[in-house]
Structures are given as structure tokens and as C-alpha cells.
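Not measured: the values here are computed from a predicted model. Computation of the quantities below employed the complete heavy-atom set of this structure, encompassing side-chain atoms and omitting hydrogens, waters and symmetry-equivalent molecules.
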Amino acid sequence: MQGIMQDWPLTVNKLLEHAKLINPTREIITRRVSGKIVRTNYAAVYDHSKQVSSALIDEGIGLGDRVATLGWNSARHMESWYGAMGIGAVLHTINPRLLPDQIAWIANHAEDKILIFDITFLPIVEAIKDKLETIKTFVIYAGAEDMPENSLGAVAYDIWIDGRSRDVRWGDFPEDTACGLCYTSGTTGNPKGVLYSHRSNVLHTLVTMSKDAMGMGADDVVLPVVPMFHANAWGLALSCPGTGANMVMPGAQMDGASIYELLDTEKVTITAAVPTVWLLLLAYLRENGLKLPHLKKVIIGGSAIPENILRAFEVEFEVDVVHAWGMTETSPLGTLGTLPPHLMDADIDLRMGQKLKQGRPPFGVELKVVNEAGEELPRDGKSAGTLLVRGAAIAAGYFKGDGGNVLDEDSWFDTGDVANIDEFGTMQITDRSKDVIKSGGEWISSIDIENFALAHPQVANAAAIGVYHPKWDERPLLIIQSAQGESPTKEDILASLEGKIAKWWTPDDVQFIDEIPLGATGKINKLALREHFKDYKLPTA
Ligand code: AMP
């Protein structure tokens with residue numbers, strides 16, 4: 001027997017429709033690339049989003065077509081999201097921190113038809129324009145007054161949408177229609193596309209709005225420093241309209257002074273970013289003897305929280321820290337470190353110890369840890385194994401089938417993280433089985449570094465691992481086994497990488513060892529190397 005309830009497809013346009021009707025005057029405040037602060041609200045963003053839809057339809061874009069953005073967090077970027085997603089196009093957020101060639105590769109792989117981007121990225125787009133095989137239209141987030149000269153035949157966003165019809169139907173498709181595309185390089189090989197559906201995004205939004213997750217309401221003022229191009233700004237571009245919270249968009253400026261200014265002038269109550277951003281802010285606060293009287297909660301994720309950041313916020317600045325773990329593949333929130341009830345009144349060391357762990361999954365996310373044989377390990381807070389995840393907002397595969405079948409027979413997804421889980425479901429990451437390095441919240445390919453290092457004639461074997469760095473969380477350390485009778489120098493090795501990898505990927509140090517350890521299958525044993533170098537102090541630290 002079926003229930004007798006309405007069919008109300010879970011499509012993301014409903015979130016902005018709700019905001020327009022229920023919280024029309026709640027604001028979205030943006031620091032533009034020029035530095036100018038501009039204010040708009042959900043009613044106006046809704047109207048503009050409809051105009052974006054009209055403009056896209058006039059460009060011939062419809063259901064399933066990919067619309068790419070290279071954009072900072074801004075109200076216009078939000079309008080492009082809803083304008084594209086509302087008509088069933090797929091909003092593809094491209095990460096501008098990737099190498100230009102990777103951006104071109106991703107845009108071609110996604111078969112993007114149009115690219116909407118911030119002025120900042122004009123040099124990148126112009127440099128790769130001849131490599132872009134499918135993008136026919138370029139739109140720049142600008143008005144007539146600040147539209148830059150360009151060789152792309154690009155149009156200014158404000159002019160592009162101006163005067164367009166707002167009479168466009170949204171959400172005329174099933175809830176499992178593709179909605180967003182985000183490539184991740186947190187796996188080996190080429191970046192892979194995670195393809196969110198309307199349903200998965202709406203369910204993720206409902207889950208993350210709850211009190212033990214991000215816990216926001218219409219009276220909150222939310223500053224997402226985490227970029228919209230990195231796993232949907234942890235869902236905030238969807239959950240803020242869902243709740244009616246004000247949004248404060250930092251644009252391109254994420255230094256301590258700029259973030260502080262927005263936190264202070266806009267009386268921000270909730271903010272979210274990777275640890276590196278908070279180090280800059282904390283340094284700025286201390287240098288200038290400032291406090292954070294309005295801020296209630298800071299959500300920190302993407303990398304583990306260092307204890308000094310946790311204690312600074314909690315003790316020195318009296319702001320509640322919520323540690324978050326997730327992945328592009330998990331939409332992204334997987335666990336949140338809100339204190340469980342039995343620890344609310346515990347002493348400070350116990351509470352801080354709990355908050356250093358990655359947290360507990362909200363309803364909708366299932367976690368387990370397994371040993372090498374795939375057997376579930378006890379939930380004892382000690383037994384560490386591969387972390388698997390399952391749920392309605394977890395990827396079931398990658399775009400175009402890349403990477404093959406990623407789920408086991410019971411639909412569990414292997415995160416590539418190594419963790420333990422305790423009796424109350426608190427998950428703690430202890431290592432990583434995937435071979436990647438995460439620096440300041442962005443991935444560095446260890447394999448690319450190794451391959452280029454191996455091309456050096458005096459190198460027999462090379463391994464790049466991430467080691468602790470106080471500012472960037474991890475930085476690459478390159479470990480070299482020299483070829484028989486050769487003794488290359490650190491400078492030789494680093495010089496051979498120059499121009500082949502992004503500057504910020506350059507290893508902070510090179511260490512020479514007699515023999516790089518190999519595992520049973522002949523692969524480099526990274527776990528052993530990470531263990532060996534776990535207390536290694538980088539010269540840059
Ligand atoms: P991404 O898909 O780029 O968001 O990266 C996801 C990966 O980042 C996870 O699988 C972890 O390896 C790492 N990560 C994310 N959040 C945390 C955290 N709070 N603590 C430790 N590692 C994290």
C-alpha cells in the first residue's frame with residue numbers, strides 16, 4: 001500500500017523560492033573583486049536568477065547542459081547557480097586554484113557550454129581559450145563600468161541579464177535530475193567529477209541546517225569563506241536561502257584583515273573555512289588586540305583542526321568551534337564535531353579532546369570502519385581502519401563512469417581516510433590511505449611530483465608525502481633514493497621540477513634516504529614513510 005501524500009520533487013530552486021517568499025529582505029552582502037561592498041537580498045537574487053535562466057535559454061542551454069563558473073563567493077555567483085540549476089542545467093563549479101591546463105582539461109571533460117567567471121580569472125581564461133573545445137560563450141561578472149577588455153568576445157554579466165524575462169519555469173523535472181558538478185583531485189589519476197542531483201542537494205541541505213550540524217536560523221549572519229567552487233561552500237549557498245540567514249560573501253579577499261572587517265561590520269554569527277584561513281585571522285586579531293563579540297560559531301574542516309586554533313577560538317575568543325569532516329563526494333558534510341550531550345559539562349580538556357576529533361555523522365550519513373578483509377571493526381574509539389560511508393547524498397560513482405565502480409556490494413563508498421569510531425559514533429581520522437597531499441585545503445598530486453622527480457637522471461626512486469606545516473596543515477616533502485653512485489642535491493632536484501608543476505606544489509624540502517620502502521605489491525609504502533617522517537620539521541615551518 002502506498003502513502004497518500006503529495007509528490008513534491010526535492011529540487012533546489014525551491015530553496016530560493018522559499019527565501020524569496022519568506023525572507024525576501026534578508027541580505028546577501030558581497031565584497032566585489034574591486035573591493036567595493038554591495039548589498040542585495042533574496043528577493044532580488046531570485047529575480048536575477050530567473051533572468052540568468054532566460055539568458056541561458058537564449059544561449060540554447062537546457063536540461064543536462066553544463067554551465068561552468070570560475071567564481072569567488074558572491075551574490076552574482078549565487079544567481080548563476082540558481083539560474084542554471086532551476087532550468088535543469090548542471091552547474092559546474094571549477095576550482096581556479098588548479099593549473100590552467102587542468103582547468104581546460106576539466107572544462108573539456110565536462111563539455112561545458114558556457115563559462116561565467118570573475119575578472120580575476122581573465123588571464124587564466126585567455127591563456128587557455130584555444131584549448132577550450134566546447135565553451136562557446138564567455139560571461140564576466142562585471143557591469144558596463146568595470147568590464148575589462150578581452151580577447152574572448154565576452155559579455156558583461158549585468159548587461160547579459162539586464163531586461164531579460166523573469167517568467168521562466170523552474171523545477172520542471174524529476175528530483176533525481178543532475179544539478180551540480182564538482183571535480184575532485186583528492187584521488188589518484190585525472191580529476192573526477194562528482195555529479196550531485198537535486199534530491200541529494202536538498203536532502204544534504206535539510207540535514208545540515210539542523211542544530212547538531214550547522215545549526216542556523218533566519219536571524220543568523222553567515223560568512224562562507226569556504227569557496228563555492230569547493231564542494232558547494234559546504235552547502236551554505238543552499239542552506240542559507242533554506243533558512244533565510246544573511247550571507248556575507250568575501251569575494252577574493254580572504255586575508256585576516258579583510259575577513260575581520262566583514263565579521264565585525266556585518267555582525268557575522270557563523271562562519272566556515274579551512275584551518276589556514278583561521279590562522280591568518282587569529283594572527284590579525286592578536287596583533288591588533290581585537291575580539292569577536294558577534295561570532296557564535298566557527299565551522300572548521302577540510303583538514304584536521306590544529307589544537308592551537310581550537311583553543312584560541314574556544315578559550316581566548318569564546319567562539320564555539322565545530323570541526324567538520326567531509327569530501328566533495330559526500331556533498332560534502334559527513335561528520336560534525338558538535339559536542340554530544342554526555343560531554344556538554346565535561347571539563348575543558350575532555351571537551352577539547354572531543355572537538356579535535358572529526359565528529360559525529362548527522363542523520364542521513366552512515367559510517368563504519370573496516371579492516372583489510374573488509375570486516376567491520378568495533379566502535380571502541382581505538383580500532384582504526386578504512387572509513388566507509390553511505391547515504392542519500394554520497395556519490396555512487398563519478399561523471400562519465402571515471403574510476404569505475406566505486407561502491408562495494410552493500411553500497412559503501414571508500415573514503416580513502418583511515419579512522420576509528422567510538423560508541424557514540426564520534427569519528428577520528430588517524431591517517432589516509434589515498435596517496436595525496438592537502439595543503440591549505442587544496443590537493444597537491446604526489447604522483448605528479450614523483451613522476452617529474454623520477455625523470456631526473458640521478459634519481460632511482462621518489463616519493464612525495466605530506467608532512468605537518470603550522471600554516472598550511474600539510475606541505476610536500478620529497479624523499480629521494482639516488483641512483484647508484486650519484487649524489488644529486490636538493491637544488492638539482494627542485495630545479496628539475498620548475499615549470500612542470502604549479503609553484504605552490506613545489507616540495508618544501510627534499511630528503512635523501514638509502515632505500516625507499518616498498519609494500520608487498522612493489523608499491524611505495526607511504527604509510528611507512530609518513531610514520532618515519534611524522535615528526536619531521538620542515539625548514540619552512
Ligand atoms: P575534498 O573532497 O577536497 O573536500 O577532500 C576530502 C578529504 O579531505 C577527506 O577525505 C579527508 O582526507 C580530508 N579532510 C576533510 N576534512 C577533514 C578533517 N576535518 N580532518 C581531516 N581530514 C579532513
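For S200 (side chain) and A392 (main-chain N/O), no donor-acceptor pair under 3.5 Å exists by modelled atom type. Without hydrogens or angle criteria, T426 side chain to D422 main chain gives no donor-acceptor distance under 3.5 Å. Judged by distance alone, with hydrogens and angles left aside, the side-chain atoms of D380 form a donor-acceptor pair with the main-chain N or O of K382 at under 3.5 Å. Side chain of T330 to main chain of G326: no donor-acceptor pair is present (N/O by atom type, distance under 3.5 Å, no hydrogens or angles). The backbone N or O of V321 lies less than 3.5 Å from a partner atom in the side chain of E314, making a donor-acceptor pair. With hydrogens and angles disregarded, a donor-acceptor distance shorter than 3.5 Å links the side chain of R351 to the backbone of A346. Judged by distance alone, with hydrogens and angles left aside, the side-chain atoms of N232 form no donor-acceptor pair with the main-chain N or O of A237 at under 3.5 Å. Not a single donor-acceptor pair under 3.5 Å links the side chain of S258 to the backbone N or O of Q253. Within the 3.5 Å criterion, the main-chain N or O of G416 finds a donor-acceptor partner in the side chain of S433.
A donor atom on one side chain and an acceptor atom on the other are found under 3.5 Å apart for H77 and T69. If you check the side chains of W472 and D508, you find no donor sitting under 3.5 Å from an acceptor. N288 and Y260 share no donor-acceptor pair across their side chains, judged by distance under 3.5 Å alone. When only modelled atom types and interatomic distance are considered, D176 and S197 share no side-chain donor-acceptor pair under 3.5 Å. One side chain, E442 or N95, offers a donor N or O that lies under 3.5 Å from an acceptor on the other. In this structure, a donor-acceptor pair under 3.5 Å is present between the side chains of D402 and H109. Y183 and Q102 are not linked by any side-chain donor-acceptor pair at a separation below 3.5 angstrom, with hydrogens and angles left out of the test. A donor-acceptor pair shorter than 3.5 Å cannot be found between the side chains of T338 and D212.
A salt bridge links D320 with K355: at least one charged nitrogen is closer than 4.0 Å to a carboxylate oxygen. Checked for salt-bridge contact, E531 and K534 meet the test: a charged N lies under 4.0 Å from a carboxylate O. K526 and E450 are joined by a salt bridge, as a carboxylate oxygen and a charged side-chain nitrogen come within less than 4.0 angstrom of each other. Between D410 and R390 there is no salt bridge, since no side-chain nitrogen of the basic residue lies less than 4.0 Å from a carboxylate oxygen of the acidic one.
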side-chain contact (heavy atoms from CB on, under 4.5 Å), that's the test. Do M249 and M228 meet it? Break it down for me.
CA-CA 10 Å; M249 304 292 222; M228 289 163 72; 4.1 Å; yes
Mind running side-chain contact (heavy atoms from CB on, under 4.5 Å) on I259 and L280 for me, showing each step along the way?
CA-CA 9 Å; I259 295 298; L280 300 177; over 6 Å; no
Evaluate the salt bridge (charged side-chain N to carboxylate O under 4.0 Å, His left out) criterion for residues R26 and D219: first the C-alpha distance (whole Å), next the side-chain angles of each, then the deciding distance (0.1 Å), finally the verdict.
CA-CA 9 Å; R26 295 295 286 159; D219 61 344; over 6 Å; no
Check against salt bridge (charged side-chain N to carboxylate O under 4.0 Å, His left out), D414 and K434:
CA-CA 10 Å; D414 182 346; K434 51 192 168 193; over 6 Å; no
How far apart are the C-alpha atoms of T205 and S239, what are their side-chain angles, what is the distance that settles it, and do they pass the side-chain contact (heavy atoms from CB on, under 4.5 Å) test?
CA-CA 5 Å; T205 305; S239 49; 3.8 Å; yes
Starting from the C-alpha separation in whole Å, work towards a yes-or-no answer on side-chain contact (heavy atoms from CB on, under 4.5 Å) for T415 and W325.
CA-CA 11 Å; T415 62; W325 165 87; 3.8 Å; yes
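The line from CG of L236 to OG1 of T271 is 9.0 Å long, rounded to the nearest 0.5 Å. One finds the NE2 atom of H198 at 10.5 Å from the CD atom of E175 (value rounded to the nearest 0.5 Å). Note that CG of N246 and CD1 of I29 are 5.0 Å apart. Values are rounded to the nearest 0.5 Å. Summarising the geometry, atom SG belonging to C182 is positioned 10.0 Å from atom CD1 belonging to I94; distances are rounded to the nearest 0.5 Å. With rounding to the nearest 0.5 angstrom, the CD1 atom of I447 is 5.0 Å from the CG atom of D435. Remark: I421 CD1 to Q358 CD distance equals 11.5 Å, nearest 0.5 Å.
Among residue pairs with one or both ends in residues 380-436, those qualifying as ring pair (Phe, Tyr, Trp, His ring centres under 6.0 Å) are H342-F424; sequence neighbours excluded.
Residues E17 and K20 are not in side-chain contact: their nearest non-hydrogen atoms beyond the backbone lie 4.5 Å or more apart.
For the residue pair D473 and A304, the shortest heavy atom distance occurs at OD1-O, 4.1 Å. The shortest heavy-atom contact between L477 and V510 is CD1-N, 4.3 Å.
Under the 6.0 Å distance and 45° angle rule, K291 counts as a cation-pi partner of F317.
Partner E474 forms a salt bridge (charged side-chain N to carboxylate O under 4.0 Å, His left out) with one of R432, R530, K438 and no other, that one being R432. Across D509, L538, I437, a single residue satisfies side-chain contact (heavy atoms from CB on, under 4.5 Å) together with R475, and that is L538.
Aromatic pair Y42/H18: centroids not less than 6.0 angstrom apart.
Counted within 6.0 Å of NZ on K537, heavy atoms from surrounding residues, nucleotides or ligands total 12 or fewer; the atom is thus considered open.
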